[in-house]
S.K.: 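Here you go, one structure.
Quick note: residue numbers are just sequence positions, from 1. First listed ligand is number 1; within each ligand, the first listed atom is number 1. Given the structure is predicted, the values throughout are model-derived calculations rather than measurements.
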Amino acid sequence: MQLIDGKEVAAALRREIAAEVEKMVADGGRAPHLVAILVGNDGASQTYVGHKEKCCGEVGFRSTVLRLPEQTTEEELLAEIARLNADDLVDGFIVQLPLPRHISEQRVIEAIDPRKDVDGFHPVNTGRMISSLPSYLPATPDGILSLLRYYRIETAGKHCVVIGRSNIVGRPMANLLSQKGWDCTVTITHSRTRNLKEVVASADIVIAALGKAEFVTADMVKPGAVVIDVGITRVPSDKTKSGWKLLGDVKFDEVAPKCSFITPVPGGVGPMTIISLMKNTLKAARREIYG
Ligand code: NAP
């Protein structure tokens with residue numbers, strides 16, 4: 001069994017991006033500029049935005065965080081988005097989700113100029129992705145593809161079972177792995193799937209993205225399978241200073257000995273997600289997708 005080290009791969013890609021930025025600036029260009037809009041006081045969102053800010057600093061990007069109060073109206077947020085769409089000094093921006101309940105996430109996502117939609121959530125980008133056209137890929141699936149590439153994991157003709165069908169992870173992941181170049185035979189599963197255990201046990205590659213701690217057990221995994229664990233669930237723990245720990249969707253200790261490759265939680269898929277956001281922002285700054 002080989003452990004897929006997301007931290008190592010993320011560090012390697014971070015160095016590559018930093019070198020590209022250094023060259024851009026040395027050639028007289030400006031550093032890519034990423035803006036994050038954070039509405040309200042959600043603790044996890046603040047942590048995620050903090051990590052994104054830190055990573056921007058590490059690769060040499062300019063980063064701005066717009067912190068808006070919880071009571072911000074949808075109209076005020078849409079006005080802010082219109083301003084960023086028109087600002088030539090902003091290459092890409094993200095609106096950190098979830099948003100307060102009085103704001104429609106879909107309206108907000110669709111208000112972002114697809115050319116600056118570095119989260120890759122706008123229907124223009126998802127539509128282009130499905131058509132195999134250049135687009136900003138959603139960060140988590142793109143991060144998983146980077147891991148498969150880095151470890152030279154064979155995908156052609158393999159049966160990949162994706163557990164979960166969310167817009168940000170499961171569905172784009174299933175679509176991308178079915179595309180030419182990756183060439184998996186993909187089964188996408190969800191909470192209404194029958195015989196899930198048997199379906200997962202037939203997989204050469206399992207992508208677990210359902211958000212249920214330790215759901216995938218050893219009896220569900222074929223010997224030699226590749227297991228990618230996307231799930232992150234915080235559970236109380238008396239062994240950590242913080243009083244909680246993170247668990248993945250896979251029961252790591254019993255599944256790992258059966259696998260050819262497996263990602264740990266934390267330190268697997270998680271560190272890759274931010275790197276993919278950085279890759280998209282670099283592409284935006286270079287006008288690589290839309291010219
Ligand atoms: P989500 O929107 O809640 O979607 C969960 C999906 O799992 C749904 O499609 C749901 O099916 C399916 N599901 C739930 N219970 C199931 C069951 N018992 N059997 C089969 N399928 C089941 O979640 P998400 O946003 O995709 O995130 C999934 C997990 O990944 C979460 O733990 C999240 O924190 C984590 N995550 C990690 C990263 C990272 O960077 N590592 C990034 C994003 C998300 P239905 O559609 O039928 O309801």
S.K.: Which bit of Lys212 gets closer than 4.0 Å to ligand 1, counting heavy atoms only: side chain, backbone, both or neither?
M.R.: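 The side chain, only.
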S.K.: State the atoms of ligand 1, each with its element, that fall below the 4.0 Å cut-off from a heavy-atom position in Gly211.
M.R.: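 The list of qualifying atoms is 28 (C), 29 (C), 31 (C), 32 (O).
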S.K.: Report yes if Ser191 has an N/O atom closer than 3.5 Å to an N/O atom of ligand 1; otherwise report no.
M.R.: yes
S.K.: Quick one: does Lys283's side chain have a donor or acceptor within less than 3.5 Å of a partner on Ile289's backbone?
M.R.: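 Side chain of Lys283 to backbone of Ile289, a donor-acceptor pair under 3.5 Å: no, none is there.
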S.K.: Looking at Asp229 and Val250, would you say the former's side chain and the latter's main chain have a donor-acceptor pair under 3.5 Å?
M.R.: yes
S.K.: Strictly less than 4.0 Å: does any protein heavy-atom distance to atom 3 (O) of ligand 1 fall in that range?
M.R.: no
S.K.: Work out whether the distance between some heavy atom of Thr193 and some atom of ligand 1 is less than 4.0 Å.
M.R.: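 Not so, Thr193 does not reach ligand 1.
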S.K.: Is the shortest distance from a Lys or Arg side-chain nitrogen in Glu80 or Arg83 to a carboxylate oxygen in the other one below 4.0 Å?
M.R.: yes
S.K.: Consider ligand 1: state whether an atom of it lies below 4.0 angstrom from any non-hydrogen atom of Gly170.
M.R.: no
S.K.: At a non-hydrogen distance cut-off of under 4.0 Å, which region of Ile168 contacts ligand 1 (side chain, backbone, both, or neither)?
M.R.: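 Only the side chain of Ile168 comes within reach of ligand 1.
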S.K.: Report, as yes or no, whether the 6.0 Å neighbourhood of atom CZ on Arg287 holds more than 12 heavy atoms from other residues, nucleotides or ligands.
M.R.: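 Atom CZ in Arg287 is packed in, count exceeds 12.
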S.K.: Using a strict cut-off of 4.0 Å, indicate which atoms of ligand 1 neighbour a heavy atom of Phe215.
M.R.: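 Listed by number with element, the hits are 18 (N), 19 (N).
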S.K.: Using distance alone, determine whether Thr189 and ligand 1 share an N or O pair under 3.5 Å.
M.R.: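 No.
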S.K.: For the 3.5 Å polar cut-off, considering only N or O atoms, please tell me whether Arg192 and ligand 1 meet it.
M.R.: no
S.K.: Judged on heavy-atom distance to atom 44 (C) of ligand 1, which of Ile163, Asp249, Val169 sits nearest?
M.R.: Val169
S.K.: Considering residues at least two apart in sequence or located in another chain, which fulfil the side chain to side chain contact (heavy atoms under 4.5 Å, CB included) criterion with Ala156?
M.R.: Glu154, Asp183
S.K.: For residues 116-124, dump all side-chain donor-acceptor pairs below 3.5 Å to protein atoms at least two apart in sequence or in another chain.
M.R.:
residue, atom, partner, partner atom, Å
Lys116, NZ, Leu84, O, 2.8
Lys116, NZ, Asn85, O, 3.2
Lys116, NZ, Asp87, O, 2.7
Lys116, NZ, Val90, O, 3.0
Asp117, OD1, Gly120, N, 3.4
Asp117, OD1, Phe121, N, 3.3
Asp117, OD2, Phe121, N, 3.1
Asp117, OD2, His122, N, 2.8
Asp117, OD2, Asn125, ND2, 2.8
His122, ND1, Val124, N, 2.9
His122, NE2, Glu110, O, 3.3

S.K.: Could you tell me whether some N/O pair between Leu196 and ligand 1 is separated by less than 3.5 angstrom?
M.R.: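 Min N/O separation from ligand 1 is not below 3.5 Å for Leu196.
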S.K.: Are Leu282 and Phe61 close enough that some pair of their side-chain heavy atoms sits under 4.5 Å apart?
M.R.: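 Leu282 vs Phe61: side chains touch.
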